[in-house]
Amino acid sequence: MAGVPDDAEINRILVITAHPDDVDFGAAGTIARWTDAGLEVTYCLVTDGDAGGQDEDFPRAEVPALRRAEQVAAAKCVGVHDVRFLGYPDGRVEATLALRRDLARVIRQVRPDRVVCPSPERNYARTGASHPDHRAVGSAALDAVYPDARNPFAFPELRDDEGLAPWTVREVWVSGSPSPNHFVDVTDTFGRKIAALRAHVSQTGQMDDLEERIRMWLTRAAESAGLPEGRLAESFQVLPTA
Ligand SMILES: [Zn+2]
């Protein structure tokens with residue numbers, strides 16, 4: 001794609017998501033390929049997923065710690081060891097200035113060349129991809145990439161009080177976009193993606209058809225990418241942002 005650097009020009013990647021398990025449904029196969037290639041990947045989760053789970057008997061106060069631990073375990077399945085949580089309340093995320101500042105802070109700390117985030121657009125074909133928290137996080141993440149993280153005069157306290165220099169992210173990969181323009185063949189990392197999804201026991205433990213269901217989605221994506229039969233793909237909308 002014109003204007004978008006290939007992996008050889010990328011060192012660090014920051015994945016911003018709303019909930020534990022979002023990255024594993026949307027992008028874990030791609031992430032396993034990146035960590036295999038030696039790229040450093042950091043996850044930043046805006047919430048702890050404290051409104052998730054089906055088990056009414058499980059104490060709600062213990063849900064955040066459980067879901068953080070599940071995400072840390074899932075990250076390890078695909079070679080990611082740096083997982084950060086912002087602790088916003090699940091189900092009530094808005095694209096506020098405070099969230100933009102918190103994301104700009106993480107971008108300036110991690111200094112990624114590439115950011116992965118959810119889509120701020122509603123996907124009418126896939127209700128689950130368009131959870132309101134996903135749209136809010138996608139909107140705030142794109143604003144944090146441009147202009148907040150790179151503008152020295154945006155949130156001056158980040159520079160003046162925390163010593164965080166401005167940082168320009170070169171490209172954004174939007175996950176769950178209604179208009180994907182880039183497909184990654186994840187056939188060889190599919191097993192690790194499933195292992196990552198299974199690490200979210202409180203979410204996927206009851207899904208007997210998890211592997212089949214994911215295989216069906218990824219087959220459909222591979223078909224729209226024109227990949228040979230039997231291949232699996234994850235899809236993104238890639239935007240140059242430098
Ligand atoms: Zn989610």
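On a predicted model such as this, the values are computed, not experimentally measured, just so you know. Whatever order the structure lists them in is the order used to number ligands and atoms, beginning at 1.
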field: Option among Thr42, Thr30, Val116 that satisfies the side-chain contact (heavy atoms from CB on, under 4.5 Å) test with Val15
entry: Val116
message: Could you identify the N, O or S atom of Asp22 positioned closest to the Zn ion (ligand 1)?
response: OD1
Which atom of His134 approaches the Zn ion (ligand 1) most closely (N/O/S): NE2
Asp102 and Arg105 ion-paired at < 4.0 Å: yes
Salt bridge Asp21-Arg67, side-chain N to carboxylate O under 4.0 Å: yes
field: Parallel, tilted or perpendicular: ring planes of Trp34 versus Trp173, cut at 30 and 60 degrees
entry: perpendicular
task: Tell me whether His19 has at least one N, O or S atom under 2.8 Å from the Zn ion (ligand 1).
output: yes
